[in-house]
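The structure appears below as C-alpha cells.
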There are 2 protein chains.
Amino acid sequence: MTIKNSNIEHFKDTLQREGLRLTSQRIAILEDILASEEHRECDDILFSLRSNQISVSRATVYRTLEILEKGGFVRKMNIGDGRFRYENKLPKPHHDHMICLECGRIIEFVDQEIEARQVHLTKQHHFKLVRHIHQLFGICEDCQPAAANKGV
Amino acid sequence: MTIKNSNIEHFKDTLQREGLRLTSQRIAILEDILASEEHRECDDILFSLRSNQISVSRATVYRTLEILEKGGFVRKMNIGDGRFRYENKLPKPHHDHMICLECGRIIEFVDQEIEARQVHLTKQHHFKLVRHIHQLFGICEDCQPAAANKGV
DNA sequence: ATTTATATTGAGACTGAGTCTCAATAAAGC
DNA sequence: GCTTTATTGAGACTCAGTCTCAATATAAAT
Ligand SMILES: [Mn+2]
Ligand SMILES: [Mn+2]
Ligand SMILES: [Zn+2]
Ligand SMILES: [Zn+2]
C-alpha cells in the first residue's frame, strides 16, 4: 500500500484493544478515507471504493465509520443537509467550517480568539465544554458573481 | 386571546402578502409557539396543542412552521439529534446555544467578540456571511456531579 | 495446518423524521 | 350565499441510517 502503513497498524491496535478484527473491508475503507481530503458522505466513500473494484456493503461502510470515529481517525459532521459527512482527521488540527450555500465548497478555519471565548463563556456558566460546532454559512468568493445575478 | 394580538395581526399581514389564508390551525400553532420559551420539536408542539383539546395534523404543524420560519416568527435549529427544533424568535435578539449532553438543557449566549471575529474571518476569505451555527456541547452545572459518578 | 469460537459481512427488512398526494373542507372576496 | 381556490388530514411515501440473521472470515488454540 502506498498509504502510510503505520495508520493501518494503528487501526489494527485500536481494533485489537476492543476485541474487533482487521478485515479487508475495514482496511479498504480506512485507506479510501486516508486518501481523501474531502468532507464526504457515506455514499461518496462507497462509490469511490466501487470505482476501484472494491465491493463493500453500505452497512459495512457505516459500521466502519463508527469505529473510525470512536478511534479518532475520522471526524463526523453535519452541515444541515440531512446527511452526515466524514473527513480524515489524522493530519489535521482542530478547525471549523465555512460552507458555501451555492456550491457546497467548504473552507476550513480556526481562530484562537474564538476558541478562547468559548472556554471563557462556558466557564462563566459553570458548563463543562466537551466539543463544539461552529459553521459559517454564506457565499464563497467564486460564487458571488453568480449569486448576485440570481439576486442573492 | 391573552397572547399579544398584534402578533396575530402581523401574521395575518404576512400571510396576505403571500396569498395565504389565516386558519384556526395556523393561529393555534402560532399561539402555542408564542406561549413557550423552549426549543421544541414538532411533536412537542403537536402534543401541547392536543393537551389543549386542539386537534391539528402533524403535516399542518410542519407546514405552518415553515411559513413561520420564512416570516421570521420562528427559528428552526438542529442540535444534531436528528430532529429539528423550533423556538419563538420574536422576543429575542440573536444568540447561540450551549447544549447539555446529559439532560438536554439549552443555555443561550451571545458574545460580541465572537460575532466580530466571524465577520473578520469571512471577510479575509472574501466569503459573504449569511448565517451561522455555533453550538457548545458539554455538561451543565446541574449535571456535573451526576456525570462524574458515571465517569464522564 | 486444522479446528474452534466468535466477530463480521451483505442483503434486505426496518425505522423515523419529514414530505407529498388527493379528496374533502373552509377562507375570502364578490 | 356563491364561487374560487387555499388548506386540511389521513396515510402513502422518501431516504438516510440501523438492524437482523444466515453465511463467512478472522484469529487464536491445538
Ligand atoms: Mn474539515
Ligand atoms: Mn435559543
Ligand atoms: Zn461557492
Ligand atoms: Zn444538564
Side-chain angles (χ1 to χ4, degrees), chain A residues 8-9 11-33 39-50 53-71 74-86 104, chain B residues 8-9 11-33 39-50 53-71 74-86 104:
Chain A
I8 303 295
E9 286 307 310
F11 187 33
K12 194 174 179 176
D13 293 348
T14 305
L15 291 170
Q16 241 160 12
R17 215 172 301 124
E18 306 280 335
L20 304 175
R21 293 173 185 177
L22 186 67
T23 66
S24 64
Q25 290 89 337
R26 286 176 180 168
I27 293 172
I29 293 164
L30 175 55
E31 285 180 342
D32 196 278
I33 287 166
H39 303 80
R40 298 186 298 167
E41 55 195 68
C42 175
D43 275 17
D44 291 331
I45 296 164
L46 194 57
F47 297 155
S48 166
L49 288 165
R50 289 189 183 161
Q53 336 302 334
I54 297 166
S55 160
V56 202
S57 72
R58 185 174 282 116
T60 294
V61 176
Y62 277 117
R63 287 187 283 231
T64 303
L65 284 167
E66 196 184 334
I67 296 169
L68 290 171
E69 192 203 0
K70 282 187 190 151
V74 151
R75 177 170 173 191
K76 183 179 182 179
M77 58 180 282
N78 187 329
I79 60 170
D81 60 357
R83 270 156 286 160
F84 288 105
R85 289 164 184 273
Y86 303 85
Chain B
I8 304 295
E9 287 306 311
F11 187 34
K12 192 174 182 177
D13 292 347
T14 306
L15 291 170
Q16 241 160 11
R17 215 170 302 125
E18 306 281 333
L20 304 175
R21 293 174 185 176
L22 186 67
T23 66
S24 64
Q25 290 90 335
R26 286 177 178 166
I27 293 172
I29 293 164
L30 175 55
E31 284 180 344
D32 196 277
I33 286 166
H39 303 79
R40 298 186 297 167
E41 55 196 70
C42 174
D43 274 17
D44 292 331
I45 296 164
L46 194 58
F47 297 154
S48 167
L49 288 165
R50 288 189 183 162
Q53 334 304 333
I54 297 165
S55 161
V56 203
S57 73
R58 185 174 282 113
T60 295
V61 175
Y62 277 116
R63 287 188 281 231
T64 304
L65 284 168
E66 195 185 335
I67 296 170
L68 290 171
E69 193 204 0
K70 281 188 191 150
V74 151
R75 177 171 172 191
K76 182 178 184 179
M77 59 181 279
N78 186 330
I79 61 170
D81 61 356
R83 270 155 285 160
F84 287 105
R85 288 165 185 275
Y86 302 85

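A, B, ... follow the sequence lines: proteins, then strands. Residue 1 opens every chain.
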Quick one: list whatever passes side chain to side chain donor-acceptor pair (under 3.5 Å) with B/Ser55, sequence neighbours left out.
none
What one should report as the nearest heavy-atom pair of A/Val56 and A/Leu49 is CG2-CD1, 3.9 Å
Distance in angstrom units between A/Asn78 CG and D/dA16 P, rounded
13 Å
So which one's nearest nucleotide on DNA chain C is more toward 5', A/Ile67 or B/Glu66?
A/Ile67
The criterion is side-chain contact (heavy atoms from CB on, under 4.5 Å); which residues satisfy it with A/Arg83, sequence neighbours excluded?
A/Glu41, A/Asp81
Residues which pass salt bridge (Lys or Arg N to Asp or Glu O under 4.0 Å) with A/Asp32, listed by chain and number, not counting sequence neighbours
A/Arg40
Using a 4.0 Å heavy-atom cut-off, write out nucleotides 20-30 of chain C from 5' to 3' as B (base contacted by protein), S (sugar-phosphate only) or - (no contact).
BB----BBS--
Divergence of helical axes at both termini of the helix from C/dA1-D/dT30 to C/dC30-D/dG1 - five pairs an end, 10° steps:
30°
With sequence neighbours left out, write down each residue that passes ring pair (Phe, Tyr, Trp, His ring centres under 6.0 Å) with A/Phe84, or none if nothing qualifies.
none
With sequence neighbours excluded, what pairs up with B/Lys12 under the salt bridge (Lys or Arg N to Asp or Glu O under 4.0 Å) test?
none
Report yes if at least one side-chain N or O of A/Thr60 is closer than 4.0 Å to OP1 or OP2 of C/dG10; otherwise report no.
yes
By nearest heavy atom, map B/Gly19 and B/Ser57 onto DNA chain D; which one lands nearer the 5' end?
B/Gly19
Should A/Arg26 and A/Leu30 count as side-chain neighbours, where that means a heavy-atom distance under 4.5 Å?
no
Just how far, in rounded Å, is C1' of D/dA6 from CZ of B/Arg17?
18 Å
Would you say the side chain of B/Ile45 lies within less than 4.5 Å of the side chain of B/Leu65, judging by non-hydrogen atoms?
yes
Please report, rounded to the nearest Å, how far the P atom of C/dG10 is from the CZ atom of A/Arg26.
11 Å
Without decimals, in angstroms, what is the distance between B/Leu46 CG and D/dA10 C1'?
13 Å
Partners meeting side chain to side chain donor-acceptor pair (under 3.5 Å) with B/Arg58 (sequence neighbours left out)
B/Asp43
List the residues meeting salt bridge (Lys or Arg N to Asp or Glu O under 4.0 Å) with B/Lys70, not counting sequence neighbours, and say none if there are none.
B/Glu66
Those residues at least two apart in sequence (or on a different chain) that pass salt bridge (Lys or Arg N to Asp or Glu O under 4.0 Å) with B/Arg63 are none
To the nearest Å, how far apart are A/Leu15 CG and C/dT8 P?
8 Å
Using the 3.5 Å cut-off, write out each protein N or O paired with an N or O of nucleotides 16-18 of chain C and the distance between them.
unit_1: C/dG18; atom_1: OP1; unit_2: B/Phe84; atom_2: N; d: 2.7
unit_1: C/dG18; atom_1: OP2; unit_2: B/Tyr62; atom_2: OH; d: 2.5
unit_1: C/dG18; atom_1: O5'; unit_2: B/Tyr62; atom_2: OH; d: 3.3

Separation of D/dA16 atom C1' from A/Met77 atom CE, nearest Å, is 17 Å
